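These notes are about the structure you will find just below.
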Number of protein chains: 2
Amino acid sequence: MKSLPLHIEIDPAFYCKNPDSTELGRKIITYSIDMIDKLGFEAFTFRKLAKSIGSTESSIYRYFENKHALLAYLFCWYWSWKEYQLVFATNNLEDPGTKLKEAIRILTEEVTEDSSVSYINEVTLHRIIIAESAKVYLTKAVDTENEKGYFRVYKRVVSRVGSFALELNPDYEFPHMLVSTIIEGSHAQRFFSDHLPSLTDTETGKQNIVRFYTEMTFKTIAR
Amino acid sequence: MKSLPLHIEIDPAFYCKNPDSTELGRKIITYSIDMIDKLGFEAFTFRKLAKSIGSTESSIYRYFENKHALLAYLFCWYWSWKEYQLVFATNNLEDPGTKLKEAIRILTEEVTEDSSVSYINEVTLHRIIIAESAKVYLTKAVDTENEKGYFRVYKRVVSRVGSFALELNPDYEFPHMLVSTIIEGSHAQRFFSDHLPSLTDTETGKQNIVRFYTEMTFKTIAR
DNA sequence: GCAAATATAATAGTAATGCTATCATTTTTA
DNA sequence: TAAAAATGATAGCATTACTATTATATTTGC
């Protein structure tokens, strides 16, 4: 992915005070990405975060209602970033097959370069998305949060890539199921690859996850 | 599924004291399934569980180290039950295609009948598996727990169904990835169907999830 | 350059969670 | 029927997930 001066704006529903607007806010994002990655979401607390930043719990609460809202913010940021990549990479492509292939690559490949935004480490963020993002929606609050628009960007990504599949085969019945399977499936595979390798078939350097989901998709939607 | 007097034995690694061996233990299982379903895993506590059973926190701690271990127990029980169903339904089948089709049905269809074990409600348990089971492995403790054998049964299921796929096409490169995608994917689809329907394509009574994963699988492994 | 507004830090406090420990009382079993 | 085992009652403690108050910086608008 190209390194461009990129600015991602997040819907105010995700925060009390925009973390992108102040030094402390940006520090909260930078350090929380690091801490969630290191401690895991359960052991991560605002108290620990405050201590590592050299600030206080109450200051952090001015930016986010609680740690779940912060995770949702990161989730939204990640999908806004992916959406941007998708648009950028497919805008000028004519052939629907190439477009879909590019999209699957963007959704399933490893993130290895930290480039786009100065205070956000995309490589670490991707690891958090793999290990923690299901926790954003696997809660009893999912319906309320859905109403607040927490999943709007994610849905837009699924819908966009689903429409690429429909360009190839307008009769295909399950485009959303296909795309959300690719996304959630590939995250699971990356996690399994690191921790429960017998549940997957990855081999170093062979891009098997990208290959599997690409082949699966094209065979599945073929008429 | 047939209603048989079924006994599922769970590896002692999952508990301090076998809940299947006493009245209180069985009550813990029955009520915890209910409470986790109603409150969600985060809001579920041993204190609340004890109160609803009419027992005490310390008594419950004699059976399970903590609520995460209890969830892991339920996860293991569920997969042992599914493994039994898989063996039972495919044992006498000759045709590899039929076997694989049956297996996918068992892995992806809704659980609507509560039958096998008196004190375990399989319908509710299935809802818990859909909404909470990822939390069993999405933790920092996953590697330690893997060493303790927490995922042995789940792996065996993936390996068994993977081998059905290989019977159909011995050259297929990604059998484990395929099966774990079917399992994790179909759970996500059932959750999305209830809470984020635009991420899936379900229609009442049409068994779209089973159909999607069946078609996907056969097309994907076709030579 | 200074007052007013705003943001942050420091500190305290509270209810709930996630345990552990002790001891009394049942219940089981040998 | 005595000993062993399981359960219940009670207490306690460190941590979590907040909320509130006040003091101190920092920004900004005039």
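All figures in this text were calculated on a predicted structure; none of them were measured in a lab. The sequence lines fix the lettering, A, B, ..., with proteins before strands; numbering per chain opens at 1.
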Requested in this report: Could you tell me the separation between the OH atom of B:Tyr61 and the P atom of C:dT17, rounded to a whole number of Å?
Outcome: 11 Å

Query raised in the report: When you check every protein heavy atom under 4.0 Å of nucleotides 5-14 of chain C, what one-letter string (B, S, -) results, 5' to 3'?
Result: --SBBBB---

Query raised in the report: In whole Å, what is the span from the NZ atom of B:Lys67 to the C1' atom of C:dG18?
Result: 9 Å

Requested in this report: Examine the side chains of B:Gln189 and A:Thr181 and answer whether a donor and an acceptor come within less than 3.5 Å of each other.
Outcome: yes

Query raised in the report: Should we count CZ of B:Arg152 as having more than 12 external heavy atoms under 6.0 Å?
Result: no

Query raised in the report: With sequence neighbours left out, what residues match B:Glu57 under side-chain hydrogen bond (donor to acceptor under 3.5 Å, both in side chains)?
Result: B:Arg47

Requested in this report: Return the set of residues passing side-chain hydrogen bond (donor to acceptor under 3.5 Å, both in side chains) with B:Lys67 (not counting sequence neighbours), or none when no residue passes.
Outcome: none

Query - A:Ser186 versus A:Thr108, side-chain donor and acceptor atoms under 3.5 Å - result: no

Report task. Measure the distance from CG on B:Leu49 to P on C:dC19 and round it to the nearest whole Å. Result -> 14 Å

Report task. With sequence neighbours excluded, tell me which residues meet ring pair (Phe, Tyr, Trp, His ring centres under 6.0 Å) with B:Tyr213. Result -> none

Query raised in the report: Can you check the B:Glu65 CD to C:dC19 C1' distance for me, whole Å?
Result: 11 Å

Report task. Shoot me the first and last contacting nucleotide of DNA chain D against chain A, ordered 5' to 3', at under 4.0 angstrom to non-hydrogen atoms. Result -> D:dT16 to D:dA20

Query raised in the report: With sequence neighbours left out, what residues match B:Tyr137 under ring pair (Phe, Tyr, Trp, His ring centres under 6.0 Å)?
Result: A:Phe191, A:Phe192

Query raised in the report: Any idea how B:Trp79 and B:His187 line up, ring-wise: parallel (<30°), tilted (30 to 60°), or perpendicular (>60°)?
Result: tilted

